[in-house]
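The structure appears right after this line, and notes come after that.
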Amino acid sequence: MFVGKKITISVIKADIGGWPGHSRVHPKLMEKAREILGKAKEEGKLIDFHVAHAGDDLQLIMTHTKGTDSPEIHGLAWETFKAATEVAKELGLYGAGQDLLKDAFSGNVRGLGPGVAEMEITLRKSEPVVTFHMDKTEPGAFNLPIFRMFADPFNTAGLVIDPHMHMGFRFEVWDILKHKRVVLNSPEELYDLLALIGAKGRYVIKRVYPKEGHKISKDEPVAVVSTEKLYEIAGEYVGKDDPVAIVRAQSGLPALGEVLEPFAFPHLVSGWMRGSHNGPLLPVPMNYANPTRFDGPPRVVALGWQISPKGELIGPVDLFDDPAFDYTRQKALEITDYIRRHGPFEPHRLPLEDMEYTTLPGVLKKLEDRFEKIE
Ligand code: F6R
Ligand code: MG
Ligand code: MG
């Protein structure tokens, strides 16, 4: 029984082959992952696990007692991705093994390609958790929704009317270019926070913590986002760093509905088609988590869980499988149609410095001699 004791939730994901193109994960890859994690559960390495997919990303959701950054758990995820890659190769899936950027595993999957969101928590008597899984976008896509859950009173009524939330939360923000971090207090430093996280390609929310005096210890995260940047790791475009997040809910934290509410607005995110386009974020149920149009539009799945006293993952509940999000989807599709008509023009296409790849240097070189001075 883990109530009042430490338990770790790990979500580790990788694109190790698409079916077809960059659309979705083949069921045989998921089968292979279930087989390996199932064995690990029998051996007592894991308490529980669930295998899912979001677009072309294979998602491993696990509970265990080894803490975050555990070589054993990361090694298990690595072994799982390697084995599933073999299946992807047999099937000739597209980009088989693409996110496994290095051959050797050295204790931690960070920096090797997969994305990781993990939190070690003291299990509450009842622990509602949501895991979010996005495809065709980047970690900064979580900035707006996580901000709204934990800092925006127009989203989260609890910030105003729940005495346990009224003091606000603390945000750990990473500068992913300079590899630095800063912790900002909300609401006191709300404008400073927004000044950073509005630049979502550079400053990303990594974790949210309660403040001193909350029922949950101020050192225990209540939300965490994967922030691995594939481009930075590999030094070249190798696919999108499609992010994942874990958010705890209820009882002094945003209610489940306050956690989901930000996704009723299909905000514009970067990473669509060739990692080089902006588009609206489409909240979808699992059976629609398969990008199609223009390799998108970018989408997000929300899986709801209760962690049982034994640490089991009771779920998933496919939270966006609800007509309450139909209007958002309709809106997102209108925006899709509108923004697509820009073709190769900004702001549909990303500004030059943010594109994953470009032909511009080649074009400039070719035209070098034909550029004339303007008097
Ligand atoms: C992959 C992605 C896709 C690809 C596109 C081109 O995550 O976003 O839009 O970038 O399908 O892929 P390649 O260059 O592999 O043909
Ligand atoms: Mg892919
Ligand atoms: Mg993907």
Side-chain angles (χ1 to χ4, degrees), residues 11-30 33 51-61 77 81 84-85 87-89 91-101 109 112-117 131-142 201 225-245 268-284 286 288-301 303 336 339-340 342-344 348-350 354-359 362:
V11 180
I12 308 187
K13 46 79 44 183
D15 175 351
I16 46 145
W19 174 57
H22 291 280
S23 175
R24 66 180 295 168
V25 174
H26 192 283
K28 286 203 166 149
L29 272 54
M30 312 227 307
V51 175
H53 83 98
D56 55 4
D57 294 278
L58 181 60
Q59 311 273 340
L60 315 179
I61 303 148
F81 292 138
T85 295
V87 179
K89 283 183 181 160
L91 297 174
L93 299 184
Y94 193 68
Q98 81 158 46
D99 282 1
L100 309 186
L101 304 176
V109 293
L112 301 184
V116 186
T131 59
F132 290 99
H133 311 261
M134 293 184 182
D135 191 36
K136 305 294 181 267
T137 184
E138 59 176 7
F142 275 111
V225 179
S226 67
T227 49
E228 285 71 24
K229 268 268 195 189
L230 287 178
Y231 181 81
E232 294 228 331
I233 297 167
E236 59 181 27
Y237 177 66
V238 286
K240 247 321 182 210
D241 12 279
D242 308 311
V244 288
L268 291 173
V269 298
S270 305
W272 192 2
M273 183 49 90
R274 298 176 185 278
S276 303
H277 292 79
N278 285 313
L281 186 69
L282 185 69
V284 289
M286 277 302 309
Y288 289 132
N290 315 305
T292 52
R293 184 172 176 188
F294 200 56
D295 283 359
R299 38 199 92 192
V300 56
V301 173
L303 301 181
T336 294
I339 202 160
R340 271 276 46 235
H342 293 77
H348 182 26
R349 204 211 70 212
L350 298 187
D354 293 337
M355 284 164 67
E356 297 283 12
Y357 48 67
T358 174
T359 50

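First listed ligand is number 1; within each ligand, the first listed atom is number 1. Remember, predicted model here, so these are calculated numbers, not experimental data.
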Within the 4.0 Å heavy-atom cut-off, what Tyr94 brings close to ligand 1 is side chain
Ligand 1-proximal atoms of His22, by part, heavy-atom distance under 4.0 Å:
side chain
Which atom, counting only N, O or S, brings [X] closest to the Mg ion (ligand 2)?
| X | result |
| --- | --- |
| Asp15 | OD2 |
| His22 | ND1 |
| Asp56 | OD2 |

Nearest heavy-atom approach of Pro114 to Leu100 is CG-CD2, 4.2 Å
Describe, in one word, how the ring planes of Tyr94 and His22 are oriented to each other, choosing from parallel (under 30°), tilted (30 to 60°) and perpendicular (over 60°).
perpendicular
I'd like to know if the side chain of [X] reaches the main chain of [Y], judged simply by a donor and an acceptor atom lying under 3.5 Å from each other, with no hydrogens or angles considered.
| X | Y | result |
| --- | --- | --- |
| Lys13 | Asp242 | yes |
| Arg24 | His53 | no |
| His348 | Asn278 | yes |
| Asp99 | Asp15 | yes |
| Glu228 | Val116 | yes |

What atoms in ligand 1 come closer than 4.0 Å to a heavy atom of Met273?
9 (O)
With carbon and hydrogen excluded and only N/O/S kept, which atom of [X] is nearest the Mg ion (ligand 3)?
| X | answer |
| --- | --- |
| Asp242 | OD2 |
| Asp135 | OD1 |
| Asp57 | OD2 |

With only distance considered, is Asp242 within less than 3.5 Å of ligand 1 through an N or O on each side?
no
